[in-house]
Amino acid sequence: MPGSTTLGPGHGVDAIEHLDAVRVKSLMKELHRLLTVSGPDRITDAQVTALRGDAADDREAFTDWVGRVAHDLEKATA
């Protein structure tokens, strides 16, 4: 679809509008920064647990995943 970014694999291939993908990319990049920065802006471990929901991964794995998604979206929206 013109103006979209394809996401997959999964339960099929889904597409979101390019502008939405750019916004998600920005959000993920900022989330990654807040996970890795030191000081008062850093997301706490309790906040990480809340963001992860039922995920079994730890802060480091979650941070790595957020970074990978941000990177993939960076490539997809370039």
Side-chain angles (χ1 to χ4, degrees):
M1 167 187 331
S4 66
T5 298
T6 301
L7 303 175
H11 299 287
V13 176
D14 296 314
I16 63 173
E17 292 197 27
H18 183 77
L19 182 56
D20 290 338
V22 170
R23 289 176 176 163
V24 172
K25 173 196 69 174
S26 295
L27 177 80
M28 295 301 278
K29 286 174 71 173
E30 179 63 9
L31 178 57
H32 189 259
R33 185 190 73 77
L34 293 170
L35 288 163
T36 57
V37 71
S38 59
D41 289 343
R42 182 179 176 90
I43 292 178
T44 67
D45 289 341
Q47 290 168 321
V48 171
T49 299
L51 287 170
R52 286 186 354 237
D54 292 335
D57 55 357
D58 58 13
R59 180 188 189 101
E60 184 178 340
F62 181 70
T63 301
D64 290 344
W65 173 79
V66 170
R68 282 193 314 274
V69 171
H71 177 76
D72 290 348
L73 285 167
E74 184 79 44
K75 291 188 311 184
T77 59

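For this chain, numbers begin at 1 and follow the sequence in order.
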Item to check | Shared hydrophobic cluster for Val24 and Leu51 (ILVMFWY, side-chain gaps under 4.5 Å) | outcome: yes

Indicate every side-chain donor-acceptor pair of residues 62-74 with a distance under 3.5 Å to a residue at least two apart or in another chain.
unit_1	atom_1	unit_2	atom_2	d
Thr63	OG1	Arg59	O	2.8
Glu74	OE1	Lys29	NZ	3.1

Checklist entry - What pairs of residues pass the side chain to side chain donor-acceptor pair (under 3.5 Å) test when at least one of them lies in residues 33-43, not counting sequence neighbours? => result Glu30-Arg33

Checklist entry - When rounded to the nearest 0.5 angstrom, what is the spacing between CG in Leu35 and CD in Glu60? => result 12.0 Å

Checklist outcome for this item: With sequence neighbours left out, the residues meeting side chain to side chain contact (heavy atoms under 4.5 Å, CB included) with Thr44 are Ala46, Gln47

Checklist outcome for this item: Here the pair of heavy atoms bringing Thr77 nearest to Lys25 is OG1-CD, 3.6 Å

